[in-house]
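First up is the structure itself, then whatever we jot down about it.
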Amino acid sequence: MKRNLIMSLILAAASFLLAGCWDKRELTDLAIVSALGLDITESGQYVGTFQIVIPSNVASGLQGGGGENLPIAVYKAEADNLIDLHGQLSGKISRQPYYAHTNVIVISEKLAAEEGIAAVFDGIDRGIEFRNTTKVVIARGEKAEMVVQTLTGIDKLPSEKIIKMISLNELIQGEHFNTRVHDVIHTLVSPGSEPLISGVSLKGSAEDGNKQENLQSAQLETAPYANGMAVFKKDKLIGWLDDDLARGTTWTMDKLLSTNLNLDWKDQKNAIAFQVSRQQTEVRVDIKHEKPVISIHVQAEGDIMEVKQAISLNDPHVLADIEKEMNKVIEQDILHSVQKVQQYHADVFGFGEAVHRKDPTYWNKVKKTWDDEMFPSLTVQVNAESFVRRTGLRNKSYWSSIDS
Amino acid sequence: MKSFFKRRKTAVRAKQSSGSEDLIPSSLSANLDTIRQKTGYSPDIIIRTLSIGHYKAAVVYTDGLIDSVPIQESLLEPLLKHEALPKPLPPDEALPIIARQSIALGSIQFTKKYEEAILAVVGGDAVLFMDGTSTAVITDVKGGERRSIQEASTQVSVRGPKEGFTESMATNIALIRRMIHNPNVWVETMKVGKQTKTDVAVMYINGLVSEEVLGEVRRRLKKINMDGVLESGYVEQLIEDETFTPFPTIINTERPDIVTANLLEGRVAIIVNGTPFVLLAPAVFVQFFQSAEDYYSRFDIATAIRMLRVLVFLISLIGPAVYIAATTFHQEMIPTGLLIIVAAQRDNVPFPAFVEALIMEITFEILREAGVRMPKAIGSTVSIVGALVIGQAAVQAGIVSPAMVIIVSITAITSFATPSYSIAMSARLLRFLFMGAAASFGFYGVALIFMAMIVHLCSLRSFGVPYMSPLAPFIAKNVGDTFIRLPLLFSKNRPRLFGHSNPTRSERGQEYDHSVPKGMVNKKTVEGETNET
């Protein structure tokens, strides 16, 4: 009895001591990959650029940390697939690359346009370390490697700068939005919608971005900036939407959080600056004469932020006129971007999905020809309904005193 | 060698048992000789011979254990002044008369047994022997130097009675009786410990207490067969249901109000002479998260604080384990920014997280133990060494990371924030088990040990009452006073498992009467002038 007890205790202890710890990784054995850049060579091989955090140089407040030293180390590997990239890295780096905290995956324009992105995402989706909330951006006009290795100023981690920059734009201007791995895969697989991914470019000389000197000037010589949204067809990049066109797209997709619109007033261009602070977009599908008609209904409200002439904003009729003007601007914005996207033959809005939801049997008939015949020739009606919620702290602008 | 000790032991035992049933010799001088001999001529056994009328007598007591005022004024003086009896009686008949007429003390007792008389002497009573009779009078003159009633040092409260128990059993019983004026508060005393003969009192409210529990307490106390019981901790360990558990199954308290409240719930109090710690049984797990103050403050804050205590207990239990598991197995669970900070701190630390945690935890335990035992005069030295050398220098030297120091400090503070010292001790031990599990299996190991702990907790009993009740088994009526505390209006039931002799605490009718309008107290409305114009 006693012997049995002792034996079972030994076994229990052994199960802990022998079986335990096999997947143990000390923090000092991990290389935290904060960004992953993917390029393609002429011969069709992937080039992976790994942005690895040097923790003691990022965390300030510790002795010797922060400021002086580079916050990241960049490693490069060349292989046929992602797992091989990981393997190739092992001869070059002393710690195990760890992807659970990867902020952003940068894909080069060349890879996206020529090879397609579908092949890239299986490894990321399948791997247990990668989060499928990792953001994806396209390096526009640059190698992904360059974007990944460029040092940034305020945010010490370049990867963090990129995603925060895009998020901020999404919040304020609505010309970009962050696309997660999950979103990319979702739009890739579902018929009737296509991926739309933000682009990032570098200003200045891309070669010098990885040097400490780049951080020495107040206005960084080389720095990443958000540049357009990449339009995909299937998994291949086919074009870009910029500025207002990109905003019209986010608006149509009901992803706009707030934006600034400039209105013309009495022959003066851009006389009123209006900030949309709340909006709702509904896409309705009607099948008329075996043809789908898309009507986009936008409700937007916001504040008047700036005027450049004497406008009496306490007059409700004037406000009603401003709202009418607003409606025109919004409708044009959206129509332009819809037309542009129709030229690309890539249904990034997910109109196809809307048709599918509306009438599955009809969708089954048209889904083969949707991208190249139906979508480009769709009739799209836009109807905006805007409302001036506030006019700021002043009803009567000082312009009225200057003019008189 | 072995047999030599064995023989000696039996010899001693034989000697002791020989005198137990002896009667007091009727000859006073023989009697006093025996007493002197039996007490080894100890000088603190005082023998005062005196003459009462024409009888020879002696008063025997122990110096220091008695109160000298009553012994002089109420025992010796009246005896010496006792007038001769009208007609001479044999000493056997005279003694009760003398005792009745001249001993001005509350409690007197006659005995013929020698053992009883001598025990009374060493127990603090004065014993009157008379020549020619084998009866002795035991008079209660207990007194002497004692610690006065002071604030309980281990269970301090902001609101509530401040007095705490002392080392005197009689005082402690009195403190409880002062709170419940009820003839149903019954006390049973017994002597425990073959050598020490320590007084142990069992206190309960007749009619509320569960007979099964009371019987079990009596039975277990009687079974104690130690030579000495020096503190209630002895009794606690000897009567608890399960010895091999880190969890306490009997409550100890220094506060009379806690004892009173528990007596009202149908529990049994065990008071041991010589210690201010009174035991309460049966105990349930949730009680260790409750303090007397919970009932004195309003229910909302009391509930919030109880929740906090559960959190505190969990942190002190698994705090370091979570740190170890998260930094060595589940780095993805730490937010990126925090991970980078922790990684930066750990960059120069030469040990794995588990070893680092172990070093710091053990260091803290050493500091704590040193702090408890050391003389007060060098207290500041230890705190300086602790704070500067361990806290700062260790971090600067790169032996431990600042994050680890924070974790250890938090667990240190949490282990003091638990209201019951005994449950904090359990957490203190189990913490290391959890750390080991976290180091070998990560959160999986922590979860495993946690489940094992819960299973173990559910298997415990305290005097037959499930330790986890009223949560497991779930007793809906009693859940109002567990980790939450409902308003007193709703707590109408005694714990069902041991308070079933009288399950209802309060009758209907104490609630606020809502039929009375809650208007403002306004002179006019009171007088009926509600016309507002």
Side-chain angles (χ1 to χ4, degrees), chain A residues 5 9 12-35 52-66 69 71-72 94-104 127-131 133-135 155-157 159-160 163-164, chain B residues 244 321 323-357 392-393 395-398 400-406 432-449 452 456:
Chain A
L5 192 75
L9 275 178
S15 75
F16 266 69
L17 297 173
L18 298 177
C21 316
W22 63 271
D23 59 346
K24 165 176 165 276
R25 283 173 303 193
E26 288 291 335
L27 279 181
T28 42
D29 299 332
L30 291 183
I32 303 165
V33 179
S34 61
I52 285 157
V53 183
I54 306 176
S56 49
N57 294 348
V58 176
S60 53
L62 291 166
Q63 55 266 46
N69 304 312
I72 53 163
S94 59
R95 298 179 177 193
Q96 191 183 343
Y98 183 62
Y99 303 97
H101 289 276
T102 305
N103 280 332
V104 61
I128 54 168
E129 277 187 5
F130 263 108
R131 291 165 193 259
T133 52
T134 306
K135 313 291 189 293
D155 295 296
K156 281 192 185 132
L157 283 183
S159 61
E160 206 153 286
I163 57 164
K164 279 165 88 174
Chain B
F244 297 101
Y323 173 80
I324 293 169
T327 54
T328 51
F329 288 92
H330 314 283
Q331 290 91 355
E332 66 277 0
M333 292 195 63
I334 312 174
T336 311
L338 183 62
L339 180 78
I340 290 171
I341 291 173
V342 175
Q345 292 177 354
R346 286 201 44 84
D347 244 1
N348 300 319
V349 177
F351 304 112
F354 174 61
V355 176
E356 189 194 1
Q392 216 172 335
V395 169
Q396 269 174 6
V400 294
S401 60
M404 194 62 234
V405 175
I406 296 173
F432 288 94
L433 189 62
F434 275 102
M435 279 162 62
S440 40
F441 287 121
F443 279 134
Y444 173 65
V446 174
L448 220 58
I449 297 289
H456 173 68

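Every value quoted in this text rests on a predicted model; they were computed, and no experiment measured them. The sequence lines fix the lettering, A, B, ..., with proteins before strands; numbering per chain opens at 1.
- Contacts of A:E26 classified as salt bridge (charged side-chain N to carboxylate O under 4.0 Å, His left out), with partners at least two apart in sequence or in another chain: A:K24, B:R346.
- For a residue to count as touching a neighbouring chain, one of its non-hydrogen atoms must lie under 4.5 Å from one of that chain's; by this rule A:Y98 touches chain B with the side chain only.
- When atom types are taken as modelled, the side chain of B:Q331 and the backbone of A:R25 share a donor-acceptor pair closer than 3.5 angstrom.
- Of the atoms belonging to A:I54, not a single heavy atom falls under 4.5 Å from chain B.
- Heavy atoms of B:A325 lying under 4.5 Å from chain A are absent altogether.
- Contact of B:I449 with chain A is made through the side chain alone, with heavy-atom distances under 4.5 Å.
- Residues that satisfy the salt bridge (charged side-chain N to carboxylate O under 4.0 Å, His left out) test with A:D29, not counting sequence neighbours, are absent from this structure.
- Within a 6.0 Å radius of CG in A:L5, other residues, nucleotides and ligands contribute more than 12 heavy atoms.
- The environment of B:F432 atom CZ is dense: over 12 non-hydrogen atoms of other residues, nucleotides or ligands sit within 6.0 angstrom.
- In terms of non-hydrogen atom pairs under 4.5 Å with chain A, the most contact-rich of B:N348, B:I334, B:L339 is B:L339.
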